[in-house]
Student: 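I'd like to ask some things about the structure below.
We name chains A, B, ... by the order of the sequence lines, and we start the count at 1 in each one.
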Protein chains: 2
Amino acid sequence: MQHPSGEGGTVARYGTEHKEATRRRIIKVAGRRLKKDGLDGSGVTTLMADAGLTNGAFYAHFASKDALVAATITDQLQEQQALLRQLADEPDGFARFVRAYLSPGHRNDAESGCPSGALLDEVARSSPEIRRAYSAGILGVADDLATLMAPGAPGTGRRRALGCIAILVGTLQLARAIDDPQESEAVLAEGARAISALLATPEH
Amino acid sequence: MQHPSGEGGTVARYGTEHKEATRRRIIKVAGRRLKKDGLDGSGVTTLMADAGLTNGAFYAHFASKDALVAATITDQLQEQQALLRQLADEPDGFARFVRAYLSPGHRNDAESGCPSGALLDEVARSSPEIRRAYSAGILGVADDLATLMAPGAPGTGRRRALGCIAILVGTLQLARAIDDPQESEAVLAEGARAISALLATPEH
DNA sequence: CCTTTAGGATTACGACCATACTACAATTGG
DNA sequence: CCAATTGTAGTATGGTCGTAATCCTAAAGG
């Protein structure tokens, strides 16, 4: 294992970015699968098959399933952050975000939707590793959402944004769970009303 | 299977209520276990062991695990309904309910807390049988919560109550997931603010 | 151009746990 | 004391995570 006289060290036989690209592909497809079938409902074999690989290759990329879940949650929340930053450049960005979040389309497509809406109570039961990843990620999301809510005062209102996230997530989950189309859409509408009500109250 | 001449049918050798009592015991302890470890995280063997039985006896009481989960969710939501009815007789029942729901104690004790807060996103991914049980149960809860919110006008405001439930559930889940005591408590406080804001707005 | 070589993937396996089901035994009321 | 009902214990099948040995291939060097 030791190079007796050398410094050169490891020579990259594969292109340096090949492994990293594979890792990213695994994380991306795992995002969809985990949101669709849940953290406990998705097995390593299935997750790898989604990425076009077999189970054995998994542990060359991640130390454990929890490590993949943590990495995936971090990635998902960063993607959501990027979306919020993008909306910050558009007029009525916040209103458009809320409308899309509480839409029947988002309700019916958990696979490509908000990770919090799909997984929040499972995250709460998960290992510290996963909860740490979620906590750091959601605070970042909250900061960008706060900017979107009050473009004039950057850096303030993270906690108000967390309250807004709680409303959005709870509403989405309830609309998904209720097995009655009319009541489900009524829930989405009530969620939008709750957001408006929250915005109408003074900051603190 | 057909009794050729009889009406009397089955003669109960065990006290008629013995099996029913066992069934109820299973459902009660399953409520705690499922909320603690999740729907996917709890196995039939564990659930039966909690009730002091072994796995084999399970299928004398329930047709499948889904059937038990559905029965348990129905029971849990009926228990929540009973709590709300009880609070309706006391002054400031609604405010007290919200305060208890968004308390650190409830956040730290999912096992004996709200079933929606512990299981909502898993319910949304579950079989039609489970979703039906949840839907019927939560609408009952919403009706009683509506009465608690506006004691003067019974029967109205179910949808507003559903909006309130969404806020409570989302807030509780977020507070449980966040791995930072200060931010977690801030989330609980923001949830209470959101409820107040919702109450301050006109009905429709 | 061809061999060497190491990194990455495959297949196979181990130990364990899941649901579902079935004989068999224990219990208990009549 | 009988017999139905309830519970035990064990089985079947499949899925889980994680590990280990084998194979393949792409790149480096002669």
Student: Closest approach of A:Ile195 and A:Cys164, non-hydrogen atoms and distance?
Tutor: CD1-SG, 3.6 Å
Student: Contact list please: residues 49-70 of chain B against DNA chain C, heavy atoms, distance less than 4.0 Å, in numerical order.
Tutor: B:Asn55, B:Gly56, B:Tyr59, B:Ser64, B:Lys65
Student: Is B:Arg160 paired with A:Glu190 through a side-chain N to carboxylate O contact shorter than 4.0 Å?
Tutor: no
Student: Please state how far atom NZ in B:Lys19 lies from atom P in D:dA4, giving the value in whole angstrom units.
Tutor: 15 Å
Student: So, is A:Thr22 near the phosphate of C:dG7, with a side-chain N or O under 4.0 Å from OP1 or OP2?
Tutor: no
Student: Using whole Å, report how far CD of B:Glu20 lies from C1' of D:dT5.
Tutor: 15 Å
Student: Apply the test side chain to side chain contact (heavy atoms under 4.5 Å, CB included) to residues B:Leu47 and B:Val29: give CA-CA distance (whole Å), side-chain angles for both, the deciding distance (0.1 Å), then the verdict.
Tutor: CA-CA 7 Å; B:Leu47 293 168; B:Val29 298; over 6 Å; no
Student: Judged by atom type as modelled, is there a donor-acceptor pair below 3.5 Å linking the side chain of A:Asp75 to the main-chain atoms of A:Ala71?
Tutor: no
Student: Whether the side chain of A:His106 engages the backbone of A:Leu172 through a donor-acceptor N/O pair (distance < 3.5 Å, no angle test) should be reported.
Tutor: no
Student: Between the side chain of A:Asp109 and the main-chain N/O of A:Gly105, is any donor-acceptor distance below 3.5 Å?
Tutor: no
Student: Rounded off to whole Å, could you give me the CE-to-C1' distance for the A:Met48 and C:dG8 pair?
Tutor: 10 Å
Student: Evaluate the side chain to side chain contact (heavy atoms under 4.5 Å, CB included) criterion for residues B:Ser116 and B:Leu77: first the C-alpha distance (whole Å), next the side-chain angles of each, then the deciding distance (0.1 Å), finally the verdict.
Tutor: CA-CA 9 Å; B:Ser116 300; B:Leu77 292 171; 4.2 Å; yes
Student: If we count only N and O atoms by modelled type, under 3.5 Å, do the side chains of B:Thr46 and B:Arg33 hold a donor and an acceptor together?
Tutor: no
Student: Counting heavy atoms not belonging to B:Arg24, are there more than 12 under 6.0 Å from its CZ?
Tutor: no
Student: Using a strict heavy-atom distance below 4.0 Å, which residues from residues 35-44 of chain B are in contact with DNA chain C?
Tutor: B:Ser42, B:Gly43, B:Val44
Student: Is there a side chain to side chain contact (heavy atoms under 4.5 Å, CB included) between A:Val169 and B:Leu174? Walk through the geometry before answering.
Tutor: CA-CA 9 Å; A:Val169 170; B:Leu174 193 57; over 6 Å; no
Student: Give the residues of residues 27-34 of chain A touching DNA chain C, defined as any heavy atom closer than 4.0 Å, sorted by residue number.
Tutor: none
